[in-house]
Amino acid sequence: MLWPSLILVLFISIRNSFAYIEYVEVSNCASCQMMLTCRHLSSVIAIFNATFQPYDDESSFFDDVHRFQLFPRLALNRRCSGVNHCSFVLTEDCPGAARWGSGNFTVKFACVSDRRIRRYCNDNITLPGPDVIGISEGLIRNPGYPNYYLGKEECRWRIRAPPLQQIKLTILDLSLIATNNDPDDCVDLFEVKEVDNSIFSSCNEQEPLRELITLSDSVDITLRASESLVARRGVLVHYAAVGCATPASPKDGYLVYRNDSTAVFTCSVGYVFADTLERNREIQCQGHRWQEKLPLANCIKLSSTLKDLFGKSSGGVNMTAKESFSDVLVPTIIIIMLFIINTIILFFIYQYKKRKTALYTEEELGTMPVGSLG
Ligand SMILES: *[C@@H]1O[C@H](CO)[C@@H](O)[C@H](O)[C@H]1NC(C)=O
Ligand SMILES: *[C@@H]1O[C@H](CO)[C@@H](O)[C@H](O)[C@H]1NC(C)=O
Ligand SMILES: *[C@@H]1O[C@H](CO)[C@@H](O)[C@H](O)[C@H]1NC(C)=O
Ligand SMILES: *[C@@H]1O[C@H](CO)[C@@H](O)[C@H](O)[C@H]1NC(C)=O
């Protein structure tokens, strides 16, 4: 029993240590060479943020951003997204950046291990429920990213979260073909649909970073290409669960209230939670996790709790009742021990007094009733 579970725990921790997403932030000057590197060879870079802060308020940077839509993050994406390591010099690799003057260039990126990337089409992704240990975050990319994408057949992903949990999609990179004269007239299309309603569709890079939060617990993502192989990057999307799915109700209890941050469970009349011996339990959701050990302790019958505690109930003494039993047993033993020690001490005091009485033969002491000491 012990060995298989130990090996399983070991296996899970090894698996998780390979399946990681590590967030990194680097800063450098605009004309300096910036090296983005992932420690593990099987990890690739995903750019989350790239900001340039000119030291000179008069810098043409702000003007360029508004007028020419020059964004350092997009330039960085073209060079670094989806590879294991890269070097980037803002003034050289971002067209127009040379005239922005000096400033602080800061990049936030993630190193994402291979195991956290879904890279095959027609994949169903199921996010883990609240009672399961699992991974609620990852990346999706098309086969061939960042070198090419494939067409003819649709590439589809479906993400499902447990009920009441939502899904956040962050479109980190998107580069598909549009018609020559209009970049918004897409030839190929990336589309996000929720229950047949399109909530996003485009073929172009997005700035600022586009974040979509679904209303429901399911989303369909499609990449449609017109030709069988297109020499563009394709798409890179981050997905994560937001909010908490409602955990299972305890035995003999039920959910009474639920909003985005709180859930309240109550035991049926005459029952209490086995661990707290209270009827109500409020739990808090933070990020996508409940701040509570799940599953919740079962509700146990109030009238039977005392009987359970003293081990008189014939059948079905559950784990918690056993724990409470030891909670009662230990103090009881201590009280009995104290009682015994007390009696022994009193016995010696009595003996000592008796001897003193014998020594001094005082008449008043001799008349003292012995029983009053016990
Ligand atoms: C990116 O950086 C800018 C400027 O520092 C900040 O306003 C924005 O919230 C950041 N976005 C993310 C996703 O970190
Ligand atoms: C550049 O900006 C980052 C983030 O805003 C900050 O942590 C860093 O200290 C800045 N570096 C310099 C040289 O100003
Ligand atoms: C994904 O789910 C859809 C619909 O439930 C199903 O038709 C399809 O076969 C599934 N794909 C995989 C790879 O399991
Ligand atoms: C959820 O309910 C709790 C308890 O009633 C309340 O304190 C909290 O403000 C509510 N949160 C939201 C987002 O409505």
Side-chain angles (χ1 to χ4, degrees), residues 1-13 15-16 126-137 160-167 216-218 241-342:
M1 250 329 254
L2 187 65
W3 276 108
S5 50
L6 257 180
I7 289 166
L8 185 71
V9 167
L10 204 65
F11 176 71
I12 288 171
S13 47
R15 239 183 91 97
N16 283 341
T126 307
L127 302 181
D131 307 322
V132 188
I133 298 170
I135 293 161
S136 297
E137 166 184 42
R160 274 176 192 282
L164 287 185
Q165 209 165 31
Q166 293 160 296
I167 301 157
S216 67
D217 46 30
S218 168
V242 290
C244 300
T246 309
S249 293
K251 192 168 167 285
D252 296 311
Y254 51 93
L255 178 73
V256 280
Y257 176 73
R258 168 74 219 256
N259 68 12
D260 287 351
S261 59
T262 311
V264 182
F265 288 92
T266 291
C267 291
S268 310
V269 178
Y271 287 80
V272 290
F273 279 102
D275 48 355
T276 55
L277 299 185
E278 280 173 14
R279 247 194 97 191
N280 292 322
R281 169 70 58 91
E282 183 173 315
I283 61 176
Q284 307 294 334
C285 170
Q286 234 167 51
H288 66 275
R289 290 224 178 280
W290 293 107
Q291 303 299 300
E292 183 84 23
K293 202 175 126 236
L294 293 175
L296 291 172
N298 278 339
C299 294
I300 52 171
K301 214 173 191 143
L302 189 56
S303 58
S304 72
T305 44
L306 283 179
K307 249 192 277 165
D308 280 350
L309 296 185
F310 289 100
K312 274 182 195 154
S313 74
S314 48
V317 179
N318 59 25
M319 208 42 207
T320 8
K322 263 186 213 160
E323 273 166 25
S324 323
F325 181 65
S326 70
D327 281 355
V328 171
L329 192 65
V330 172
T332 311
I333 290 173
I334 291 174
I335 288 169
I336 291 171
M337 298 261 295
L338 283 175
F339 193 76
I340 292 170
I341 292 169
N342 208 20

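What you see is a predicted model; the values in this text were computed from it and never measured.
- Closest non-hydrogen pair, Trp290 versus Pro247, comes out as NE1-CD, 3.4 Å.
- The shortest heavy-atom contact between Gly287 and Cys244 is O-SG, 4.4 Å.
- Nearest heavy atoms, Asp217 versus Leu164: OD2-N, 3.8 Å.
- Atom CG of Asp260 sits about 6.5 Å away from atom CD of Gln166, to the nearest 0.5 Å.
- Here the CZ-CD1 distance, from Arg258 to Ile283, works out to 8.0 Å after rounding to the nearest 0.5 Å.
- Within the 4.5 Å cutoff, the side chain of Ile340 has heavy atoms near those of the Ile336 side chain.
- Note that CG of Leu277 and CG of Leu302 are 8.0 Å apart. Values are rounded to the nearest 0.5 Å.
- Heavy atoms from other residues, nucleotides or ligands lying under 6.0 Å from CZ of Arg279 number more than 12.
- Minimum heavy-atom separation, Phe273 to Asn280: CE1-C, 3.9 Å.
- For the atom pair Thr266 OG1 and Glu282 CD, the distance stands at 10.0 Å (nearest 0.5 Å).
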For this session: Verify salt bridge (charged side-chain N to carboxylate O under 4.0 Å, His left out) between Arg281 and Asp275, making sure each step is shown before the conclusion.
Result: CA-CA 11 Å; Arg281 169 70 58 91; Asp275 48 355; 2.9 Å; yes
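- Counting heavy-atom neighbours within 6.0 Å of Gln291 CD, excluding the residue itself, gives a total above 12.
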For this session: Tell me, with the steps shown, if Leu255 and Val264 meet side chain to side chain contact (heavy atoms under 4.5 Å, CB included).
Result: CA-CA 6 Å; Leu255 178 73; Val264 182; over 6 Å; no
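- Heavy-atom minimum distance, Pro250 versus Cys299: CG-SG, 4.1 Å.
- The CD atom of Glu292 sits 12.5 Å away from the SG atom of Cys285 when rounded to the nearest 0.5 Å.
- Minimum interatomic distance between Tyr254 and Ser249 (heavy atoms only, all atoms of both residues): CA-OG, 3.9 Å.
- Taking CG of Leu296 as the reference point, atom CG of Leu294 lies at 5.5 Å (rounded to 0.5 Å).
- Looking only at distances, no side-chain donor or acceptor of Ser136 sits under 3.5 Å from a matching main-chain atom of Leu127.
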